[in-house]
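These notes concern the structure reproduced below.
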Protein chains: 2
Amino acid sequence: MDKRKENSTNSINEAYWNNNCGIAFTLSLIGGRWKINILSYLLNEKILRYSELRNRLVGISERMLISQLKELEKDGLVNRIVHQQVPPKVEYELTERGLSLQPLLDLMDKWGEDNLGDK
Amino acid sequence: MDKRKENSTNSINEAYWNNNCGIAFTLSLIGGRWKINILSYLLNEKILRYSELRNRLVGISERMLISQLKELEKDGLVNRIVHQQVPPKVEYELTERGLSLQPLLDLMDKWGEDNLGDK
DNA sequence: TAGGGTACTAACAAAAAAGTAAGTATGGAT
DNA sequence: ATCCATACTTACTTTTTTGTTAGTACCCTA
């Protein structure tokens, strides 16, 4: 959403790895500042409207919430469901691809919990 | 290594989630710009010296290579082995904790490969 | 005595990510 | 006619990450 320079050294390297390494590609989809939080809530609660997500994600700004949701939608991980009514009502849920992240997120959570305290 | 403002909104939120969510903690350790690349090479080749890593990580700058290695070492994922000789020889290998990331990285790789082409 | 190879370090600049504050559209309720 | 709630949008600033370039130390070799 915010524009990046497409020919910076960093962008070129990033694009290269994202297209040639499964791990890098995966990280590029779930690595955003608030993405795992959003994905986790949606995994647990199935469907949430915009304001419900905002209330759960303590500390997030509207700008970030929208931009993370847009990226997740663009990457095919969440569906945006618009109800035609006033005041507006928009809900978010995981796509099949989003749901398929569950085992990965579970494993990340377990590894993290196992290593959190230790040095 | 590079200093951050410790009381910015972003830092506070990040620290909060990293200490309370296994996934966030895991991401904070492996999410650095070149960390998965370094971890992958060390998983495959067991032990590599600094210059060997530099040659494999096409596009990385010395500054980034050092800073990523230092963070991985601080987080207990890699060992730094210094040989007392001239010219210097320093090798890097995974710790047990680093090795324990293998299943996670494998899963991330698989998910990425399965989803790379599709839209 | 000058140069070479390795593993770094440091200072400054550019790029990218995130924060902040204010504004928009809509139709229904008052 | 005004206010309200929801889901955004926009412009501008700060913070954070990364790049770039130019060093350093060490002993050995020529």
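Given the structure is predicted, the values throughout are model-derived calculations rather than measurements. The chains referred to below are lettered A, B, ... by the order of the sequence lines, with proteins before strands, and numbering in each begins at 1.
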Distances for protein N or O near nucleotides 5-8 of chain D N or O, under 3.5 Å:
unit_1	atom_1	unit_2	atom_2	d
dT6(D)	O3'	R49(A)	NH2	3.1
dT6(D)	O3'	P88(A)	O	2.9
dA7(D)	OP1	R49(A)	NE	2.9
dA7(D)	OP1	R49(A)	NH2	2.9
dA7(D)	OP1	V90(A)	N	3.4
dA7(D)	OP2	S51(A)	N	3.1
dA7(D)	OP2	S51(A)	OG	3.0
dC8(D)	OP1	R80(A)	NE	3.4
dC8(D)	OP1	R80(A)	NH2	2.4
dC8(D)	OP2	Y92(A)	OH	2.8
dC8(D)	N4	E62(A)	OE1	3.3

message = Are the side chains of I36(B) and L27(A) in contact, using a 4.5 Å heavy-atom criterion?
response = yes

request  = Please check if any side-chain donor atom of N10(B) sits under 3.5 Å from a side-chain acceptor atom of R33(A), or the reverse.
outcome  = yes

key: W34(B) and W17(A) aromatic ring geometry - parallel, tilted or perpendicular at 30°/60° bounds   = perpendicular

What is the separation between atom [atom1] on [X] and atom [atom2] on [N], rounded to the nearest whole Å?
X      : N       : atom1 : atom2 : answer
R63(B) : dG23(D) : CZ    : C1'   : 15 Å
N13(B) : dT16(D) : CG    : P     : 12 Å
L57(B) : dT18(D) : CG    : C1'   : 15 Å
H83(A) : dT26(C) : NE2   : C1'   : 17 Å

message = So, OP1 or OP2 of dT20(C): does either fall under 4.0 Å of a side-chain N or O from T9(B)?
response = yes

ask   = Reckon S61(A) has a side-chain N or O less than 4.0 Å from the OP1 or OP2 of dA18(C)?
value = no

Decide, yes or no, whether a salt bridge links [X] with [Y] under the criterion of side-chain N to carboxylate O below 4.0 Å.
X       : Y       : answer
K110(A) : D114(A) : yes
R56(A)  : E45(A)  : yes
E14(B)  : R4(B)   : yes

When you compare the protein's N or O atoms with those of nucleotides 14-16 of chain C, which come within less than 3.5 Å of each other, and at what distance?
unit_1	atom_1	unit_2	atom_2	d
dA15(C)	OP1	K5(A)	NZ	2.5
dA16(C)	OP1	K5(A)	O	3.1
dA16(C)	OP1	S8(A)	OG	2.7
dA16(C)	OP1	S11(A)	OG	3.0
dA16(C)	OP2	K5(A)	N	2.5

task = Mind checking side chain to side chain contact (heavy atoms under 4.5 Å, CB included) for N55(B) and listing every partner two or more places apart, or none if nothing turns up?
result = none

key: Side-chain-base donor-acceptor pair under 3.5 Å for R33(A) and dA17(C)   = no

inquiry  = Looking at E93(B), is its backbone amide N or carbonyl O close enough to the side chain of N79(B) to form a donor-acceptor pair, meaning the two atoms are under 3.5 Å apart?
reply    = no

